[in-house]
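Taking it in order: structure first as C-alpha cells, then the write-up.
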Amino acid sequence: MSMGLSMAEQLMRDTEICIREQEWEGRKGVFLRPPERIPTAKWTDAPLLGNGDVGVAIGGGAEEQTFYIGKNDFWVQPHLGETEQQRRERLLSDNGRRTGARIITVGQVTLFMPQLQGAEYWQEQHILEAEVRGSFRSDAAEAKLCTWVAAGTNVLVTELECVRGTLDVKIRLHAGEKSTDEVFNYDNGAEDGLMWFRYAANSANVPETRRVAVATCVVGADARYEWRFQNVEAEVTVAAGERIAIVTAIVSNRDEADYFAAARKLAAMYGGGGWDVIARLKEAHRLWWRGFWTASEIGIGDPVLEKFYYGSYYIIGSCTRQGKIPPGLFGNWITTDRPAWTGSYTMNYNYEAPFWGLYAGNRVELAASYCEPLLAFMPWGKLFAKEKLGCRGLYMPVELGPDGMICSMFFHGQKSNAAFAAVNLLMHIDYTQDMDYARKVYPYLIEVANFWEDYLVYEDGRYVIYDDDIHERSHDRKNPILSLGFIRMMLTALLELSAELGLDGERREKWRHILDHLSEYPLMERGGRTVVRLTEEGRDWGLRNSLAVQHVFPAGAIGLDSDPELLAIARNTVDEMQRWSDFNAFPTYYAAAARVGYDPRVILERLRFECEEKSFPNLSIHHGGGGIEDASAVPVCLQEMLLQSHERTLRLFPVWPPERPARFRKLRAAGAFLVSSDYAGGEVKYVVIESEQGRPCRIQNPWPGRDVAVYRDGCEPEQAAGERFTLATAKGERLVLLPAERLRETEA
C-alpha cells in the first residue's frame, strides 16, 4: 500500500465525529438568577427544554419552580363549526384583522418547596444531554434538580434530590395560563396514583377541536394526591439523601385519538416502573441527542462563537421534529394564551429562517415537516390569488398556522411571501437531491411559478413587477429587489427540477424568456458607491432590516461566481448597510455578507459581539423581531464562511481569515455531499467528500495552481487539475483530496 493511500484511509477515519466532553463544558447556559421574561407573550429568557413537539421553559425562584408546558400542535382554530362556504366568505371579506387562530399554552407543573425560600439560585442548561440542572441552597435545606423532556416521547421528568435538611414538596398541575382558570371543556382529577387535567383549545365541542391531556405522578415516595377545584396537587416529604422524580406525560388528540387514556397510560408506564424505567428512558434520550450532535461539527478556535453555534442548534433541535407540527414564532415555548403576532408562521422571513442552518448543518430531517403548512395552505392561496388579484397561483398573507389555518388576512401589500416560503423547499432539494421530496412539493413550486407568470407585466422588452411592497405597507410602485431575486431563484430551479422529474417541458420556454427579460436589479449611488436600490419606484433605502441583500441570501441570486460588477455592488451594499445589529436583519445579513466574500475578520468580530451582547443565558440571541428565527444566524454564517456550495461549486474556507485555523466535519453541500476539511497556516490540509446520491461534484481547486490527488474508497489516486474541476461520483462513495505535490514529497 502506498503512503498516499494509507494517508487517505487515515483521513477517512479521522473525519468521524467524536464527542469531546471537555469542549461541551463551556457550552452550557448558566443562570445566576430566576428568569425575568416568563410568562411572556414574546421570547423568553428562561431555561429551555424540548423534543420537537413538547417544549418546557422553567420559571420561578428556588421555592416555586414552574415548568411551563407548550406544544406545537395546540392551536385555537376559529373556523370550527363553519361550513367551507362560510369560511370562504368570512376570509374574503376580511380586510386585515387577525382571525383568532393562534397557538396557546398547555399549562404548568409547579414545585412549591418552602424550605428553599430565599435560596441561592443556580441553573445550568446542559445542551449536550438536553437537561437543565439546578442547585439551590438556603439556611434550611439544599436541593438538586435535573429536568429533561424525553427526546422520543412526550414525557417531562424532573429528578429532585434533597441534599440537606427536609423538603416539603407540593406539586401543582394547572391548565392554561398560570393566572387564569378559564379554559374550555375542562376537567381534572387525582386517582390511581396520579393526577391529571384535560381541556380543549376551542369552546366548540366538535371533533376537530384540538384537545390535550396532562398526567403527572411521583416516583420514589408515597405522594398524597388531591383534587382542589381548578388545580390538582400532590404532596410529598423528601428527607436528606432521598430523591424523587416527577413524571409528566403530555398527549394531544393529534397524537392519539383517545388522548386522555394515552396520557394516563404514558404517565403510569414511566411513573409506575420505578427508577430503572426512568433510567432507560434517560439513556435513550441522551443517545438521541448524541446522534444529533454527531451529525456534523465545526472547530474554529473561538469558544464564544462555538458555544452559540451549538446553542443555536440546541434551540432548533428542541422545537422541531420530523412528523410533528412545525414551530411558530416562539417555538414550542408558549407560556400564554395570547402570544404576540399570534405566535404564527410569519411568512415574510420568520417562519423560513429557523430551518436554514439545518441544510448545510446536515440535520435536514428536522426540516421535513416545514412543507406541510405550505401544502395545506394551497387551496386558500389559489382562492386569494384568483379573488383578490385575478390571477393563478398563490397569494399568501403574512400570518399562517398549521392545517390550513389563516391567522390574519394581513397581506401588507407584499406579493413575495409564497416565493419566500419556497426558498426552504429548494434548499431541501438542492442539499439532499431527494426526488421523492421534490415530487411532494413540486405542486407548490408550480403554483408559485403560475403566480409570477400571471402577475408580471411584459412591457418595453422586459418583465416588470408592479404594486409589490418590499417592506410591510411601504406602498412601492415598481420592481422590489426581493421579488426580483425570488423569481430568478424559482425559475432557475424549476428549469432543472422539471427536467429531472420529467414534468412541464412545454413550460420551460416561457420560464427562460422571463429569466432572459426580467428587469435588472435597481441600483443607486450612496456614499460615493453603487449599491442596490430597494425598488425601482418606491422606497429606495431603509435604516433597518436586510431586505437589500436578501436576494443574495437566502434567495441565492448572487454569489462568488456572479458577474464581478454585480458582486462588487453586493459587497458595497453590505458595507453601506452596516446592519450587524438590527431588529430583523440577523438571520440574513451575516449570511449574505459571507456569501459575497465580505471581510471575514469583520464578520467574525461583529458576530462575536452579537453573541456576547444580544444573548440570553439560554443561549438564544434576541433582537426583538420575534423568537426562534435568530437561532439560524450563527450556524448559517459560519457554515458559509467555512464551506460554500452556491451554484453547486464546492469552495473550501472561501471567506476565512488565513491566519486562523479551522476545521469542519460532515457539513452538507448542495448536490448531496458531506464534506470534511481542516485549514491551518493559510492552507487547506485535505478534503473528504462523501457522495450520497452519486451526482457529479464540481470543486474549486483548494490548492490553486497545483495538481490534486483524488482517492476513491481505498483505490490508487487519480489526478485532477485546473482552477476548478468536476469529479464523477457513485452513490455512497467517499473521496479524499490531497495536493499531489505534498504526497510526492512525503513518499520521496
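Numbers here simply count residues along the sequence, with the first being 1.
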Shortest non-hydrogen separation from [X] to [Y] and the atoms involved:
X: Pro373; Y: Tyr370; answer: CD-O, 3.3 Å
X: Cys697; Y: Leu650; answer: SG-CD2, 3.9 Å
X: Pro522; Y: Leu484; answer: CD-CD1, 3.8 Å
X: Lys478; Y: Thr535; answer: O-CB, 3.5 Å
X: Val634; Y: Cys611; answer: CG2-SG, 3.9 Å
X: Ser677; Y: Leu652; answer: CB-CD1, 3.8 Å

Do the rings of [X] and [Y] sit parallel, tilted or perpendicular, given the 30° and 60° boundaries?
X: Phe451; Y: Tyr455; value: parallel
X: Tyr313; Y: Tyr309; value: perpendicular
X: Tyr458; Y: Tyr463; value: tilted
X: Phe384; Y: Phe411; value: perpendicular

For this session: Taking side chain to side chain donor-acceptor pair (under 3.5 Å) as the test, write out the residues that go with Glu506, two or more places apart.
Result: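 Counting only residues at least two positions away or on another chain, Glu506 forms no side chain to side chain donor-acceptor pair (under 3.5 Å).
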
Problem set entry | Counterpart residues, side chain to side chain donor-acceptor pair (under 3.5 Å), relative to Glu496 (two or more places apart) |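 Here the qualifying residues are Arg648.
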
Exercise. Which one of Asp430, Leu425, Val423 satisfies the side chain to side chain contact (heavy atoms under 4.5 Å, CB included) criterion with Met427?
Worked result: Val423

Is there a side-chain contact between [X] and [Y], using heavy atoms and a 4.5 Å cut-off?
X: His428; Y: Phe355; answer: no
X: Met524; Y: Thr530; answer: no
X: Tyr349; Y: Ser546; answer: no
X: Leu456; Y: Leu518; answer: yes
X: Lys614; Y: Ser581; answer: yes

For this session: Carefully, step by step, assess His623 and Asp630 under the rule side-chain hydrogen bond (donor to acceptor under 3.5 Å, both in side chains).
Result: CA-CA 8 Å; His623 291 84; Asp630 277 358; 2.9 Å; yes

Problem set entry | Ionic contact status for Arg606 with Asp599, cut-off 4.0 Å |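 Looking at Arg606 together with Asp599, the answer is no, because their closest N to O distance does not fall below 4.0 Å.
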
Exercise. In a check of salt bridge (Lys or Arg N to Asp or Glu O under 4.0 Å) between Asp678 and each of Lys685, Arg663, Arg665, which one passes?
Worked result: Arg665

Problem set entry | Chi angles and distances behind the salt bridge (charged side-chain N to carboxylate O under 4.0 Å, His left out) call for Glu690, Lys666 | CA-CA 8 Å; Glu690 302 174 48; Lys666 300 196 177 199; 3.8 Å; yes

Exercise. Checking side-chain hydrogen bond (donor to acceptor under 3.5 Å, both in side chains) for the pair Thr432/Glu692: CA distance, chi angles, key distance, verdict?
Worked result: CA-CA 8 Å; Thr432 66; Glu692 283 191 342; over 6 Å; no

Problem set entry | Lys386 atom NZ, over 12 foreign heavy atoms within 6.0 Å |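 No, NZ of Lys386 has 12 or fewer neighbouring heavy atoms, counting only those of other groups under 6.0 Å.
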
Would you check if there is a donor-acceptor pair between the side chains of [Y] and [X] at a distance under 3.5 Å?
X: His646; Y: Glu640; value: no
X: Thr15; Y: Ser676; value: no
X: Asn584; Y: Arg544; value: yes
X: Tyr589; Y: Asp582; value: no

Exercise. Phe664 and Trp656: aromatic ring centres closer than 6.0 Å?
Worked result: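 They do not qualify: ring centres at least 6.0 Å apart.
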
For this session: Is it possible for you to check whether Arg488 lies under 6.0 Å from the centre of the six-membered ring of Tyr521, through NZ or CZ, and within 45° of that ring's axis?
Result: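 Positive - Arg488 is close enough to the ring of Tyr521 and near enough to its axis.
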
For this session: Evaluate side-chain hydrogen bond (donor to acceptor under 3.5 Å, both in side chains) for Asn450 paired with Arg507, printing each intermediate quantity in order.
Result: CA-CA 10 Å; Asn450 288 343; Arg507 301 188 60 174; 2.5 Å; yes

For this session: With ring-ring contact (aromatic ring centres under 6.0 Å, His included) as the test, would you mind laying out the steps for Trp356 and Phe553 before giving the verdict?
Result: CA-CA 10 Å; Trp356 291 335; Phe553 186 91; 5.4 Å; yes

